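Contents: one structure, followed by commentary.
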Number of protein chains: 2
Amino acid sequence: MTSTLGYAILTALARKPRSGYELACSMGRPLGYFWTARHSQIHPELQRMVAAGLVSFEQVPGPGPQRKKIYSITGKGRDALREWAVEPPQARPERDELALKAYAAWLADPAELAKLFQAQLEEHERRLAAYEDERASFAGVPGSDSQSFGDYAALWCGISYENHRIAWCRWMIEQLGAERAPRAASGAAWCEM
Amino acid sequence: MTSTLGYAILTALARKPRSGYELACSMGRPLGYFWTARHSQIHPELQRMVAAGLVSFEQVPGPGPQRKKIYSITGKGRDALREWAVEPPQARPERDELALKAYAAWLADPAELAKLFQAQLEEHERRLAAYEDERASFAGVPGSDSQSFGDYAALWCGISYENHRIAWCRWMIEQLGAERAPRAASGAAWCEM
DNA sequence: AAATCCATGTAATTAGTTACATGATTCG
DNA sequence: CGAATCATGTAACTAATTACATGGATTT
């Protein structure tokens, strides 16, 4: 019915009403970890969704030229979101530029590539630490019918993903460091996390 | 210099010369696992890259209206690829529709959502099995200066990713099955793979 | 006074998908 | 003889980014 961005907006509005600005810049934690959009994409999308009856808005006198709009999800929007949530995701092909660089690793300078993977590793370690901090604020797994279950489930996914990425970066750095030295297949340790 | 698609094409042509058709449909294993494009995107890109001197082509009498073109990477193309390989990847924001659905899980029907994650789980298990098959054809880790190191590195990434995804899907199914029953935080087993 | 934040929009461009268009060869 | 495969291209459209444009309120 709407684009995936539309549903991303609906998941945010289902939690609490927001302005387009808030949607755009608080497309940081946790939503921004798995879906992002700029305000230039969000504002037109909100207009379409108002026209489709999925969201409504209310003008409030916020700063700026007095034209702050607070958007809320409508009953129709909530129904659409509920239906969408259980439909299979449209298989968007994975595009992983770092994997592509790894695929071309054999003709690159190993030391330079190792530096690149080191920087990526540190970035993923930073993200993992931030996710772990957030996880620490949960006392046990929320029930699957509670709002915070969504937060927790997405966080679980993020932590698992960062762990995978960290393991791969470490392995790459190790391999690139061990230039020319003969390597044994590391047996049971292969792909171990 | 070129788009990322251009570099994806160069990584393929650096291994062996190919026609546009072969590039398009053999953007299956292993390249297709982390970068894909349709022929309608590949043909114009090849034309641009010929103009930029990154690839060259040779007409050969293949089937069809005799106009099969075999593209090869040029010295300039190889240099560009070498440089690109060690540059930091442009952070393209992650867009994960399944994580988005998980984030909206609290207002969806748990049984239906579990079915969805079950289907995803099976898909990832199929892929993992295919990757493991490919991995079995390697006798140890190739040296980082050999062409097959690229294959192996990308495969490692793929296997690790599928393992992460499988673990998350299993956890989601478990949580969605345990409707309403009180859940203990599964302690040390949290996010365990 | 300048910078930053809050706030909303439009325009231009790039990337990517789907559909349209053509045509020879090979296999059943 | 029809379907699938090999082969190359263009056109239309959707999604997303970057840049342009405006302007009040708050902080330094």
Side-chain angles (χ1 to χ4, degrees), chain A residues 1-9 12-13 17-28 31-32 34-52 55 57-71 89-97 100, chain B residues 1-9 12-13 17-28 31-32 34-52 55 57-71 89-97 100:
Chain A
M1 205 173 190
T2 327
S3 63
T4 309
L5 169 63
Y7 291 111
I9 291 172
L13 295 183
R18 275 170 245 241
S19 69
Y21 179 82
E22 283 173 297
L23 275 168
C25 68
S26 88
M27 276 248 190
L31 225 193
F34 46 90
W35 209 272
T36 41
R38 306 301 174 91
H39 75 274
S40 61
Q41 206 186 351
I42 288 169
H43 287 300
E45 185 65 38
L46 281 168
Q47 286 165 27
R48 274 190 292 274
M49 288 164 79
V50 167
V55 301
F57 69 91
E58 194 194 358
Q59 297 249 15
V60 299
Q66 251 81 347
R67 52 208 179 97
K68 182 171 167 170
K69 296 173 183 174
I70 300 293
Y71 293 90
Q90 48 184 87
R92 62 162 51 211
E94 345 241 0
R95 287 199 172 82
D96 183 344
E97 196 180 331
L100 201 55
Chain B
M1 203 176 190
T2 327
S3 63
T4 309
L5 170 62
Y7 291 111
I9 291 172
L13 294 183
R18 274 169 246 241
S19 69
Y21 179 82
E22 283 173 297
L23 275 167
C25 66
S26 88
M27 276 246 190
L31 225 192
F34 45 89
W35 208 273
T36 41
R38 305 302 172 93
H39 75 274
S40 62
Q41 207 185 352
I42 289 170
H43 286 299
E45 185 65 37
L46 281 167
Q47 287 164 27
R48 274 190 291 274
M49 288 165 79
V50 167
V55 300
F57 69 90
E58 193 196 359
Q59 296 249 14
V60 298
Q66 251 82 348
R67 55 211 178 95
K68 182 171 166 170
K69 295 174 183 174
I70 299 293
Y71 292 89
Q90 49 185 87
R92 62 161 53 211
E94 345 241 1
R95 286 199 173 83
D96 184 343
E97 196 179 331
L100 200 56

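None of these values were measured; they are calculated from a predicted model. Chain naming here is simple, since letters A, B, ... match the order of the sequence lines and numbering starts at 1 in each.
- Here C:dT14 presents its P atom at 14 Å from CD of B:Gln90, a figure rounded to the nearest Å.
- Note: B:Gln41 CD to B:Leu5 CG = 5.0 Å, rounded to the nearest 0.5 Å.
- What separates CZ of B:Arg67 from P of D:dG9 is a distance of 6 Å, to the nearest Å.
- Between B:Leu46 atom CG and D:dT10 atom C1' the separation is 15 Å, expressed in whole Å.
- Summarising the geometry, the separation between NE2 on A:His43 and P on C:dA11 is reported as 15 Å, rounded to the nearest angstrom.
- Nearest to the side-chain atoms of B:Arg38 among the listed nucleotides C:dT17, D:dG9, D:dT17 stands C:dT17.
- Within the 4.0 Å cut-off from OP1 or OP2 of C:dT8, not a single side-chain nitrogen or oxygen of A:Tyr21 is found.
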List the steps, then state whether side-chain contact (heavy atoms from CB on, under 4.5 Å) holds for A:Leu23 with A:Leu13.
-> CA-CA 9 Å; A:Leu23 275 168; A:Leu13 295 183; 4.2 Å; yes

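- If you check C:dA15, D:dA16, D:dT10 against the side chain of B:Ser40, the one that comes closest is D:dT10.
- Nearest-nucleotide positions on DNA chain D place B:Gln47 closer to the 5' end than the other of B:Arg95 and B:Gln47.
- Taking atom CD of residue B:Gln41 and atom C1' of nucleotide C:dA15, one finds them 6 Å apart after rounding to whole Å.
- The CD-P distance, from B:Gln59 to D:dT8, rounds to 9 Å in whole Å.
- Protein atom CD of A:Glu22 is 10 Å distant from nucleotide atom C1' of C:dA7, rounded to whole Å.
- Residue A:Leu5 contributes atom CG, which lies 9 Å from atom P of D:dA15 at whole-angstrom precision.
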How far apart are the C-alpha atoms of A:Arg48 and A:Thr2, what are their side-chain angles, what is the distance that settles it, and do they pass the side-chain contact (heavy atoms from CB on, under 4.5 Å) test?
-> CA-CA 9 Å; A:Arg48 274 190 292 274; A:Thr2 327; over 6 Å; no

